[in-house]
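Following: one structure in C-alpha cells, then a few remarks.
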Amino acid sequence: MFRTLANAFRVPDLRRRLLYTLFAFVVFRIGSYIPVPGIDVAALHRGLASSALFGLFDAFSGRALSNFSLFAMGVMPYITASIIVQLLSMDVIPAFSEWAKEGEVGRRKLAQVTRYLTAALAFLQAIGFTMTLQSQYHLLREPGLGSYLLTALTLTTGTMFLMWLGEQITEKGIGNGISLLIFAGIAASIPSTLEQIYVSKFFTEEGRVSPFLVVLGTLFLLLLVVVLFAGVIFVQEGIRRIPVQYAKRVVGRRVYGGQMTHIPLRVNSAGVIPVIFAVSILMFPSIVASFFPASGFAQAVARMFAFDAPLGLFLYVTLIVAFTYFYTYVQLNPQQLAENLQKQGGFIPGVRPGKATEVYLTRVINRITLFGGLFLALVAVLPVFFTDVFGLPRSVRIGGTSLLILIGVALETMKNIESQLVRRHYEGFLR
C-alpha cells in the first residue's frame with residue numbers, strides 16, 4: 001500500500017489531485033472549529049451528550065455540531081436535496097426527466113436545481129436547529145430575531161461552502177467530494193468516540209476505570225471491528241459472474257465472436273449511498289419536529305422515529321434495503337442489458353435471448369441485491385444492540401453507519417487511485 005501511495009505521488013497530475021484533496025480536508029477541519037457568533041458552546045456540550053439524533057449529526061460533521069461551528073450542519077441538506085431531485089427525475093416532473101436524459105447538459109441543470117434546493121433546506125433546517133437548541137439548552141446568549149437570523153444565515157453559508165468544496169474535490173481532487181467530506185468528518189470524530197467508550201460503564205468498576213476491563217474490552221472491540229471490516233469488504237467486493245457466449249459471425253474472410261465472457265454483477269452495486277440516504281430520510285421527521293419544540297405531539301413523533309425506537313429501527317432497515325434496490329436499478333437496467341446482448345450476438349447459456357434474458361437478469365439482481373441490502377442494514381443497526389447490552393454511550397449507536405461509510409468511501413477512493421495508476425502502468429492496491 002505504501003509503495004502504491006509513493007507511486008501515486010510520482011505522477012504529477014495524481015499528486016496534484018491528492019494534495020488538493022488533503023488541502024480541502026484541512027479547510028474543512030479548520031472551519032469545524034470556528035464557532036457561530038453569540039453561541040454558548042458550554043451549554044450545548046451538556047445537552048448533546050444524551051441526544052442520538054444530534055450525535056449522528058455531530059459524527060457526520062466531524063464534531064462541528066458540538067462546537068456549533070460554521071459547518072455544524074455538514075452536507076446533510078445537500079444529500080436530502082439530491083434525494084428529492086433524483087426522485088422527481090423518475091418521471092414525476094417531466095422537465096426533470098428530460099434533463100436526466102440530456103447527458104452532461106441535463107446533469108448541469110439538475111445540479112443547479114439541487115443547489116437552490118440545498119440552500120432552502122439548509123436555511124429551514126438551520127432555523128429548526130437554532131429554535132430546538134435554544135428551547136432545550138439556551139443556546140443563544142442574546143436571544144432575539146436578529147440572533148436567530150444571523151445564526152441561520154451563518155449555518156446556511158457554511159453548508160453551501162461545503163457543497164462547493166465537495167464539488168471542487170470531485171472536479172479537481174480524487175473521488176466523490178461529498179462522500180469524502182463525510183468520510184473526513186467521521187474519521188475526525190473517532191478519537192472522541194473512543195474516549196466516550198473507555199469512560200463508559202463497560203470499562204469502569206465502582207466508578208473507576210478497570211485495567212482488566214480495558215484490556216478485555218479492547219480485545220473484544222478489535223475483534224468485532226476486524227470481523228465487520230472483513231465482512232463489509234467481502235460484500236462490497238463480491239461479484240456474481242453471469243456467463244455470456246457470443247455467436248460466431250463471418251464478415252468477409254474474418255470470423256468474429258465465439259468467445260466466452262461474463263457480466264459482473266456486484267452484490268452491492270449501490271455502495272454506501274443507501275445508508276447515507278436512509279439516514280437523511282429518517283432524520284427528516286425529527287428535523288420537522290424541531291420547528292415545534294413546545295409541541296408534545298411533535299416531540300412524540302421525533303422520539304417515535306429515533307434510531308433506537310422500534311419503529312425508527314424498522315424504518316431504517318426498510319429504507320436501507322429500498323434504497324439499495326433503487327440505486328442498483330438506476331445503475332443496472334436488465335432490459336437494456338438484455339437488448340445490448342441480443343444486438344451484439346451474445347446470449348446466456350441455457351437462457352433464450354430477449355425477454356427471457358431480461359427476466360433471468362432481473363431475478364439474479366433481485367436475489368443478490370436483497371442480500372447486499374440486508375447486510376448493510378445489519379451492520380448499520382448492530383451497534384444499537386451492543387450499546388444496550390454493554391452500557392456503551394448513545395453516540396456509539398451510529399457506529400455501524402459510520403463504519404459502512406468509512407469502508408465504502410475508502411474502497412471507492414482506492415479504486416479511483418488504482419485506475420489512475422493502471423492507466424500510467426503503475427501497480428495498484430489490488431493485485
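It should be emphasised that the depicted structure is a prediction, and the values quoted were computed from it without experimental measurement.
Y148 places none of its side-chain heavy atoms less than 4.5 Å from the side chain of I127. Two residues are said to be in side-chain contact when any heavy atoms from C-beta on lie closer than 4.5 Å; V113 and F96 meet this criterion. Under the 4.5 Å side-chain criterion, counting only non-hydrogen atoms from C-beta, V105 is not in contact with R107. Annotation: side chain of L337 is not in contact with side chain of T357 (no heavy-atom distance under 4.5 Å). Residues F347 and P353 meet the side-chain proximity criterion, which asks for heavy atoms closer than 4.5 Å. Using a 4.5 Å cut-off on side-chain heavy atoms (C-beta onward), F28 and L162 make contact. The closest side-chain heavy-atom distance from I365 to P334 is below 4.5 Å.
Using a 30° and 60° split on the angle between ring planes, Y325 and Y329 fall in the parallel class, below 30°. Using the six-membered ring where Trp is involved, F323 and F326 have ring planes that are perpendicular, over 60° apart on the 30 and 60° scheme.
Checking each of L22, N416, I169 against I174 for a side chain to side chain contact (heavy atoms under 4.5 Å, CB included) leaves exactly one that passes, namely N416.
Separation of atoms CD (E237) and NZ (K415) is listed at 3.5 Å; rounding is to 0.5 Å. With values rounded to the nearest 0.5 angstrom, E98 atom CD is found 13.0 Å from I93 atom CD1. Between the CD1 atom of I186 and the CG atom of L406 there is a distance of 5.0 Å, given to the nearest 0.5 Å. Here CD1 of I84 is found 12.5 Å from CD1 of I79. Values are rounded to the nearest 0.5 Å. Rounding to the nearest 0.5 Å places CD of E412 at 10.5 Å from CG of L180. The distance from the CZ atom of R115 to the CG atom of L110 is 11.0 Å, given to the nearest 0.5 Å.
Under the 3.5 Å distance criterion, the side-chain polar atoms of T324 are left unmatched by any main-chain donor or acceptor of G373. Formation of a donor-acceptor pair under 3.5 Å by the S89 side chain with backbone atoms of S97 is not found in this model. For T170 (side chain) and G166 (main-chain N/O), a donor-acceptor pair under 3.5 Å exists by modelled atom type. Using modelled atom types, no side-chain atom of T261 and backbone atom of V244 make a donor-acceptor pair closer than 3.5 Å.
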Item to check | T114 vs Q112, side-chain contact (heavy atoms from CB on, under 4.5 Å): CA-CA, chis, key distance, verdict | outcome: CA-CA 5 Å; T114 304; Q112 192 66 17; over 6 Å; no

Item to check | Criterion side-chain contact (heavy atoms from CB on, under 4.5 Å) on F123 and L153, from CA distance to verdict | outcome: CA-CA 7 Å; F123 184 74; L153 289 174; 3.8 Å; yes

Next on the checklist: side-chain contact (heavy atoms from CB on, under 4.5 Å) for T157 and L70? Distances and angles first, verdict last.
Outcome noted: CA-CA 8 Å; T157 303; L70 302 177; over 6 Å; no

Next on the checklist: Before you tell me yes or no, could you show the steps for E339 and Q342 under side-chain contact (heavy atoms from CB on, under 4.5 Å), namely the whole-Å CA-CA distance, both residues' side-chain angles and the distance that decides it to 0.1 Å?
Outcome noted: CA-CA 5 Å; E339 291 177 356; Q342 192 171 15; 5.7 Å; no

Next on the checklist: Before you tell me yes or no, could you show the steps for R29 and Y33 under side-chain hydrogen bond (donor to acceptor under 3.5 Å, both in side chains), namely the whole-Å CA-CA distance, both residues' side-chain angles and the distance that decides it to 0.1 Å?
Outcome noted: CA-CA 7 Å; R29 294 308 302 153; Y33 288 96; 3.2 Å; yes

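Here the closest non-hydrogen pair linking T156 and A126 is OG1-CB, 4.1 Å. Y360 and I348 get closest at one heavy-atom pair: CD2-CD1, 3.7 Å. Looking at every heavy atom in both residues, P349 comes nearest to P243 through CD-O, 3.4 Å. When all heavy atoms are compared, the tightest approach of V27 to F71 is O-CE1, 3.9 Å. A pairwise comparison of heavy atoms in F183 and A410 identifies CE1-CB, 4.3 Å as the closest pair. The two residues T159 and M73 have their closest heavy-atom pair at OG1-CE, 3.4 Å.
With hydrogens and angles left out, the side-chain atoms of E171 and Y20 include no donor and acceptor closer than 3.5 Å.
In the displayed structure, R15 atom CZ is contacted under 6.0 Å by more than 12 heavy atoms of other residues, nucleotides or ligands.
A salt bridge does not link K109 to E104: none of the charged nitrogens lies less than 4.0 Å from a carboxylate oxygen. A salt bridge between E167 and K172 is absent, with no side-chain N of the basic residue lying under 4.0 Å from a carboxylate O of the acidic one.
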Show me, pair by pair, the donor-acceptor contacts under 3.5 angstrom made by side chains of residues 263-279, not counting sequence neighbours?
unit_1 : atom_1 : unit_2 : atom_2 : d
R266   : NH2    : Q236   : O      : 2.4
N268   : ND2    : Q236   : OE1    : 2.4
N268   : ND2    : G271   : O      : 3.1
S269   : OG     : R266   : O      : 3.4

